Amino acid sequence: MITIGQLAGYIGVSIKTIRVYHDKGLLPEPDRDASGYRRYGANDAIALVKIRTLAEAGVPLARIRDLRSATAEEFQQALREIDDELTDRIRRLRATQGRLRQLATGQLAALPTEVGAHLKHLARWGFTPRWLDLQRDLWILVFATHPDHAIALFHDQAETLADPALRQLFLDYDHAHDLAADDPRIDDLARRIVKATRQRYGPAAPPELEATSEIPALIQGTVNASSPAWRRLDTLIRAQLDA
């Protein structure tokens, strides 16, 4: 027979934990000996190992208490269910771990393979690293918030950039980042973008997210905030398209 301190040391829990298990009805308190100390036997140690194992597996204490009165068959069934829950938790944790590793390398979330390939094309076409980072982050936002619409929007942009003349407009937009907001090249670029947009879509509006979504405004606000020239360019394009 051993003391509560010895039991705690052998099993690897604290004395306070054992007392919590007593209070919760998980581990019956043994009788006291002639000296007034509670003494624990092998059965108590075995029971404590089971409780600790279940608790470390994330099983709520109330459920562990209920399992004490379960039949052998019920206990085995409960263990199988707990094992299934752990398997699912491990899967979700691994997915979370993967996302954390992506975050550590600057990738907030996984994008479809075709988007990744498209971003590599942008680099080869001469877009700046700043533009690539911006595009990656904005596509992450779109795919995360509007997965049902994102791929259609992406395909529209990819088709646009496949046209050399239209791609040059995007390159000019990218390289306008460092221009002064009142540079006359901003006005010329706005006119060319509006003309190309009308030729590409006619009277119809370009593909967009649902009208109630605030994500487009959030995205454009992020773009505009990075450059006074881009902010003025957006203002000019909107005014001319609405005219």
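All of these numbers come straight from a predicted model, not from anything done at the bench.
Between the side chain of Thr17 and the backbone N or O of Val13 there is no donor-acceptor pair closer than 3.5 Å. With Ser227 contributing its side chain and Val223 its backbone, the two residues share no donor-acceptor pair below 3.5 Å. Looking only at distances, no side-chain donor or acceptor of Arg39 sits under 3.5 Å from a matching main-chain atom of Ile2. For the pair Arg52 (side chain) and Ala47 (backbone), a donor-acceptor distance under 3.5 Å is absent.
Partners of Arg19 according to the side-chain contact (heavy atoms from CB on, under 4.5 Å) rule, which considers only residues two or more places apart in sequence or in another chain, are Ile4, Ile15. Not counting sequence neighbours, the partners of Asp133 by the salt bridge (Lys or Arg N to Asp or Glu O under 4.0 Å) test are Arg136.
Contact check on Asp174 versus Arg167 returns no salt bridge, with no Lys/Arg side-chain nitrogen under 4.0 Å from an Asp/Glu carboxylate oxygen. Using a 4.0 Å cut-off between charged side-chain N and carboxylate O, Glu85 and Arg63 make a salt bridge. Look at Arg238 and Asp234 and you find a salt bridge, because one of the NZ, NE, NH1 or NH2 atoms lies within 4.0 Å of a carboxylate O, short of that distance. Under the 4.0 Å criterion applied to side-chain N and carboxylate O atoms, Arg92 and Asp88 are assigned as salt-bridge partners.
Using bins of under 30°, 30° to 60° and over 60° for the plane-to-plane angle, the ring pair His149/His146 lands in the perpendicular bin. Classification of the Tyr173-Trp230 ring pair by plane angle, with boundaries at 30° and 60°, yields tilted.
Residues Ile151 and Phe143 form a side-chain contact, since some pair of their non-hydrogen atoms from C-beta on lies under 4.5 Å apart. When side chains are defined from C-beta on, Gln6 does not count as touching Tyr40, because their heavy atoms never get closer than 4.5 Å. You'll find the side chain of His22 reaches within 4.5 Å of the side chain of Pro30, heavy atoms only. Between Leu171 and Trp131 the shortest side-chain heavy-atom distance does not fall below 4.5 Å. Residues Leu48 and Asp44 fail the side-chain proximity criterion, which asks for heavy atoms closer than 4.5 Å.
With rounding to the nearest 0.5 Å, the separation of CD1 in Ile219 from CG in Leu141 is 5.0 Å. For the atom pair NE2 of His175 and CZ of Phe127, the computed distance is 7.5 Å after rounding to the nearest 0.5 Å. Atom CG of Leu27 is separated from atom CD1 of Ile18 by 7.5 Å, given to the nearest 0.5 angstrom. Separating the CD1 atom in Ile64 from the NZ atom in Lys50 is a distance of 12.5 Å, to the nearest 0.5 Å. Put simply, OG1 on Thr3 and CG on Leu7 are 8.0 Å apart, with the number rounded to the nearest 0.5 Å. If you take OG1 on Thr160 and CZ on Arg200, they are separated by 3.5 Å, rounding to the nearest 0.5 Å.
For Phe170 and Trp125, the distance between ring centers is not under 6.0 angstrom.
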> Leu134 and Arg130: side-chain contact (heavy atoms from CB on, under 4.5 Å), yes or no, with the steps?
Replying inline: CA-CA 6 Å; Leu134 180 63; Arg130 174 192 59 238; 5.7 Å; no
>> Please determine whether side-chain contact (heavy atoms from CB on, under 4.5 Å) holds for the pair Thr87 and Arg91, giving the CA-CA distance in whole Å, both sets of side-chain angles, and the decisive distance to 0.1 Å.
In response: CA-CA 6 Å; Thr87 299; Arg91 178 189 58 75; 5.9 Å; no
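Val59 and Ile46 fall into different hydrophobic clusters, where Ile, Leu, Val, Met, Phe, Trp and Tyr side chains are chained together by heavy-atom contacts under 4.5 Å. Residues Tyr201 and Leu153 do not share a hydrophobic cluster, defined by chaining ILVMFWY side chains whose heavy atoms lie under 4.5 Å apart. Taking hydrophobic clusters as Ile, Leu, Val, Met, Phe, Trp and Tyr residues chained together by side-chain heavy-atom distances below 4.5 Å, Leu241 shares a cluster with Leu169.
Between Ser14 and Ala8, the closest heavy-atom pair is C-CB, 4.0 Å. Of all heavy-atom pairs between Ala55 and Tyr21, the closest is CB-OH, 3.9 Å. Taking both residues in full, the closest heavy atoms of Ile11 and Ala45 are given as CD1-O, 3.9 Å, listed atom of the first, atom of the second, then distance. The minimum heavy-atom distance linking Ala229 with Ala180 is given by the pair CB-O, 4.4 Å.
Residue-environment remark: OH (Tyr37) stays at or below the threshold of 12 foreign heavy atoms within 6.0 Å. Atom CD of Glu73 is surrounded by 12 or fewer heavy atoms from other residues, nucleotides or ligands within 6.0 Å. Counting non-hydrogen atoms of neighbouring residues, nucleotides and ligands closer than 6.0 angstrom, the CG atom of Asp84 exceeds 12 such neighbours.
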When the side chains of residues 182-196 are checked against the rest of the protein, which donor-acceptor pairs come out under 3.5 Å, sequence neighbours left out?
unit_1	atom_1	unit_2	atom_2	d
Asp183	OD1	Arg185	N	2.8
Asp183	OD1	Arg185	NE	3.0
Asp183	OD2	Arg185	NE	3.4
Asp183	OD2	Arg185	NH2	2.8
Asp187	OD1	Arg232	NH1	3.1
Asp187	OD1	Arg232	NH2	3.4
Asp187	OD2	Arg232	NH2	3.0
Asp188	OD2	Arg192	NE	3.1
Arg192	NH1	Asp172	OD2	3.2
Arg192	NH2	Asp172	OD2	3.2

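For Gln135 and His118, the side-chain atoms include no donor-acceptor pair closer than 3.5 Å.
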